4 protein chains.
Amino acid sequence: MEDLNFKDTSKEKLRSIIFRSDTPAGKLFDIVLLVLIVLSITLVFLESVVDIRLSFGNIIRIAEWTFTILFTLEYLLRIYCSGKRFSYIFSFYGIIDLIAFLPSYLSLFFPGGQYLMVIRAVRLLRVFRIMKLTRFMNEGNVLGRALKASSHKIIVFLTCVLTLVTIIGTLMYIIEGDDTGFTSIPVSIYWAIVTITTVGYGDISPQSTLGQLLASVLMILGYGIIAVPTGIVSVEMARATEEAKRKCPGCNAAIHTLDDCFCAKCGTALEPAEYTGQDKQAP
Amino acid sequence: MEDLNFKDTSKEKLRSIIFRSDTPAGKLFDIVLLVLIVLSITLVFLESVVDIRLSFGNIIRIAEWTFTILFTLEYLLRIYCSGKRFSYIFSFYGIIDLIAFLPSYLSLFFPGGQYLMVIRAVRLLRVFRIMKLTRFMNEGNVLGRALKASSHKIIVFLTCVLTLVTIIGTLMYIIEGDDTGFTSIPVSIYWAIVTITTVGYGDISPQSTLGQLLASVLMILGYGIIAVPTGIVSVEMARATEEAKRKCPGCNAAIHTLDDCFCAKCGTALEPAEYTGQDKQAP
Amino acid sequence: MEDLNFKDTSKEKLRSIIFRSDTPAGKLFDIVLLVLIVLSITLVFLESVVDIRLSFGNIIRIAEWTFTILFTLEYLLRIYCSGKRFSYIFSFYGIIDLIAFLPSYLSLFFPGGQYLMVIRAVRLLRVFRIMKLTRFMNEGNVLGRALKASSHKIIVFLTCVLTLVTIIGTLMYIIEGDDTGFTSIPVSIYWAIVTITTVGYGDISPQSTLGQLLASVLMILGYGIIAVPTGIVSVEMARATEEAKRKCPGCNAAIHTLDDCFCAKCGTALEPAEYTGQDKQAP
Amino acid sequence: MEDLNFKDTSKEKLRSIIFRSDTPAGKLFDIVLLVLIVLSITLVFLESVVDIRLSFGNIIRIAEWTFTILFTLEYLLRIYCSGKRFSYIFSFYGIIDLIAFLPSYLSLFFPGGQYLMVIRAVRLLRVFRIMKLTRFMNEGNVLGRALKASSHKIIVFLTCVLTLVTIIGTLMYIIEGDDTGFTSIPVSIYWAIVTITTVGYGDISPQSTLGQLLASVLMILGYGIIAVPTGIVSVEMARATEEAKRKCPGCNAAIHTLDDCFCAKCGTALEPAEYTGQDKQAP
């Protein structure tokens with residue numbers, strides 16, 4: 001019984017270190033973790049540069065395996081001390097934590113697989129938890145809600161854009177022919193996307209007068225079209241910002257942002273905005 | 001009489017299968033049709049790639065003719081079972097359905113005409129009918145109304161932009177001369193459009209100091225100018241979104257979007273937003 | 001006295017033909033003028049294409065002089081029949097009308113000057129007068145007022161952007177050196193403008209790692225910076241649109257756009273929006 | 001005592017000339033200073049052009065040292081006559097004034113250091129003080145406040161964008177390999193930034209079909225993503241514009257911009273907006 005209690009307590013302690021970031025130990029753990037992630041991603045970057053790979057290949061490989069083993073241990077610890085194991089394993093961060101070290105083991109069988117380790121970069125999003133977390137999580141929520149609310153309009157919009165580039169890409173293939181880089185319809189559609197998004201690499205560009213005319217029309221169209229997603233997101237952003245305002249418990253005025261400490265109307269002190277992220281509370 | 005009735009009934013059935021997508025049979029028909037359209041467009045794409053055309057040309061051509069005959073049959077069936085034939089034939093989708101298979105027959109006389117079959121892509125817009133159609137049609141309507149409401153401003157804006165690129169294009173032709181790609185005024189105007197829309201292929205770019213100065217002015221101008229259509233569309237989008245809100249039959253509050261099921265003020269259940277597309281109701 | 005009266009009447013008639021576009025004769029005059037302008041600009045375009053100049057040079061030059069004489073006559077007629085001559089001569093359109101034919105005479109002394117004739121394109125803005133003019137003039141006014149209202153913010157913004165590109169351009173000149181196209185500080189500033197406006201020709205691009213890092217920072221900055229003029233114009237556009245609404249004479253509700261014919265509140269018929277352009281009224 | 005008084009008065013006079021721009025002498029001083037700054041920056045530009053450096057190198061170097069000594073004297077004078085010396089030295093403009101001439105002295109030891117003199121360009125921001133300053137300072141404040149208010153959202157946004165380009169850059173490195181310019185992961189990330197910001201130099205561009213497909217996805221994503229900062233800034237700009245409105249002392253209506261002279265509701269004359277910059281008041 002005592003032993004079990006002791007075990008429970010130490011497990012509880014470990015859990016608070018690993019999963020929480022509001023205690024000194026938990027914060028330190030998170031910071032060390034972030035530093036390790038940044039270091040391991042830098043290693044992957046360095047390994048991809050030919051000169052460095054040839055000179056320091058062995059050292060890099062040893063360091064990468066060290067990181068991989070550390071991340072594997074961390075993953076196992078997280079599973080061990082989380083309350084509801086399956087809910088962690090199948091949560092967003094649980095899957096990311098797994099993917100973070102799997103590519104290293106895969107690279108034993110498939111050379112080149114180790115580059116997939118950069119998926120670890122997604123773990124860096126945890127940085128919001130360490131910094132003034134509530135505020136950032138909420139800003140992220142406003143962004144996310146605005147994007148979600150406008151997703152229908154964006155799908156309609158993208159379908160129209162894709163239909164347009166398909167038709168204009170094909171027309172350009174017929175007009176320009178093989179000589180000027182428009183070697184097939186898929187390549188011409190790729191060119192149309194490069195043009196309508198105003199990226200404009202210039203690796204393929206129309207040479208005939210008719211082709212340049214059609215390209216001009218596409219660009220002017222793209223000019224107007226780029227306004228549409230901006231308009232959509234602006235409107236939804238305004239709405240989401242409006243909805244994210246907090247109510248004053250005294251006079252009920254919903255005019256306060258997350259930073260306000262006192263009601264602008266009646267002076268009632270506002271409680272600090274509570275934490276709304278899901279990750280930490282789960283286990 | 002009986003025979004006629006039977007005929008009428010079977011025609012009615014066929015019509016509901018072909019033109020409606022809210023019955024299982026109608027939905028299946030639409031999905032099969034979409035798959036066939038995607039396949040036939042993919043075939044056109046593949047045929048345009050030289051290597052594939054040389055290896056599998058005959059197979060592709062047979063498959064294309066199969067699709068063409070299927071779409072022709074479908075078109076004839078649609079005409080046969082639609083109530084008001086002419087209103088279908090001259091409707092937007094009626095014309096698109098015709099254009100979808102005409103290029104194949106044209107290619108018998110004009111080689112290369114088969115590539116025009118990609119116009120079939122427009123038929124893919126029917127996908128909105130199969131998915132949660134009401135909502136998408138309405139989102140499309142909001143987009144369309146916003147664009148229509150701002151069309152006057154956009155015409156004024158485009159006329160000014162075209163005047164600007166004509167004058168700056170000509171100036172660049174005078175400044176840069178033939179050596180650096182500015183071979184004629186139309187080509188220089190093409191360059192000015194490529195620049196002001198921030199596409200920037202780089203196939204033509206100024207080399208002289210004066211030319212680079214004028215190009216810089218044009219780019220900074222384009223920077224400010226790109227803000228104008230965005231501003232126009234944002235404002236109209238906000239207005240159209242506002243106007244698209246539904247009224248509550250209980251308390252008359254016009255605050256509900258198409259997704260809401262209950263009034264936020266008085267709790268009255270809202271009827272599901274009714275279908276507003278025209279295509280299905282016509283025949 | 002009679003003679004003078006006759007003269008006055010015919011002058012009055014001529015003036016209404018030339019300066020007004022709401023009578024059949026005045027409209028016809030404007031349309032013929034627009035067609036002539038388009039034709040003469042097309043001629044300038046064609047002359048700049050080498051092949052066409054070599055083959056049809058003489059014909060083009062004769063046609064250009066015909067247009068020039070026609071526009072000169074038109075200009076003299078306008079001066080003759082306008083009431084307040086100086087107010088026409090020094091008005092915006094008066095100066096444009098003069099510039100429209102001057103380059104032809106200049107080309108007698110300075111070869112190449114005839115290309116400046118494209119300044120005639122500005123005269124095409126008169127097209128708004130022929131089409132549903134009131135509405136377009138007003139839309140133009142909304143655009144213009146929005147731009148004017150935001151001009152202070154735009155000047156502050158441009159000063160900051162120019163300071164930024166000066167400093168980053170110089171840094172790139174120090175980092176990249178002569179080898180990769182950054183041959184001098186002005187050229188490097190040109191590159192910085194090409195980059196921050198997201199045009200990106202690619203004729204000059206950084207090759208060193210440090211240069212690519214700085215360029216990445218500049219691009220990400222440009223990403224955020226391009227949002228600023230858009231935000232400015234959107235806000236001013238919303239305000240100008242709001243202010244452009246007409247008041248109902250019955251109930252005073254200022255909710256009507258220029259297209260509305262009846263008050264949405266009380267049903268009072270609204271007078272058609274009166275013409276607000278200055279050009280026609282002046283003489 | 002008398003002597004001290006005389007000294008105080010002359011120091012006071014000097015201070016008002018150097019630090020204030022609302023007296024004729026102070027305005028003249030500021031204008032002369034701006035002209036000198038523009039001239040000295042132009043010199044740095046000219047020196048960087050090889051041909052000019054070779055021909056006029058000595059003259060330019062003498063002129064540059066003249067400017068450096070003038071700016072050094074001005075800096076010493078500013079320190080001498082400012083009331084609170086340390087608050088000037090460590091103020092934003094104090095540091096800029098120091099950096100403005102330091103590079104010249106540095107160039108004695110490190111060749112090439114003189115190009116850093118373009119940092120003087122930042123001093124040009126003082127131009128707002130000479131022109132109708134209050135208004136511009138306030139417009140700048142609105143811009144600054146809008147950017148600051150949206151900084152949290154922008155940080156969240158940038159973190160997501162950087163994570164995205166890291167992952168897509170690595171995928172492109174794996175897909176395209178060394179042959180087509182994607183020589184290492186950092187270079188591929190550079191390409192991803194060039195693409196997602198729609199700059200599109202074209203010095204590196206995908207050649208394989210899979211690479212072009214992934215690039216198309218990235219561009220379409222960038223299309224939607226560029227809407228996010230615009231939406232953020234638009235919303236904050238609208239809020240900051242709203243908050244910047246002045247209250248009428250008569251009827252308390254907060255509807256007046258900085259340009260208004262009379263209240264639109266009750267006709268009370270509004271005081272001219274007072275100066276809100278910090279620089280001039282400090283000493």
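All chains are named by letter (A, B, ...) in the order of the sequence lines, taking the proteins before the strands, and each is independently numbered beginning at 1. What you are looking at is a predicted structure, and each value in this text was computed from that prediction instead of being measured.
Judged purely by atom type and a 3.5 angstrom limit, B/Ser48 uses its side chain to pair as donor or acceptor with the backbone of A/Ile185.
Here CG of B/Asp203 is found 12.0 Å from CD1 of A/Ile204. Values are rounded to the nearest 0.5 Å. Interatomic distance, OG of A/Ser184 versus CD of B/Glu47, reported as 12.0 Å (0.5 Å rounding).
For B/Leu46, no part sits under 4.5 Å from any heavy atom of chain A, backbone or side chain. Contacts between A/Leu162 and chain B at a heavy-atom distance below 4.5 Å are absent for every atom of the residue. In this structure, the portions of B/Val194 lying under 4.5 Å from any heavy atom of chain A include both its backbone and its side chain.
Inspection of the B/Tyr190 and A/Thr209 side chains reveals no N or O donor paired with an N or O acceptor under 3.5 Å.
Residues of residues 214-221 of chain A lying under 4.5 angstrom from chain B, judged on non-hydrogen atoms, are A/Ala215, A/Ser216, A/Met219, A/Ile220 by number.
Under the rule for a side chain to side chain contact (heavy atoms under 4.5 Å, CB included), the partners of A/Ser188 that lie at least two apart in sequence or sit in another chain are A/Tyr173, A/Phe182. Residues that satisfy the side chain to side chain contact (heavy atoms under 4.5 Å, CB included) test with B/Ile59, not counting sequence neighbours, are B/Phe56. Contacts of B/Asp97 classified as salt bridge (charged side-chain N to carboxylate O under 4.0 Å, His left out), with partners at least two apart in sequence or in another chain: B/Arg78, B/Arg123, B/Arg126.
Between B/Tyr201 and A/Thr195 the shortest side-chain heavy-atom distance falls below 4.5 Å.
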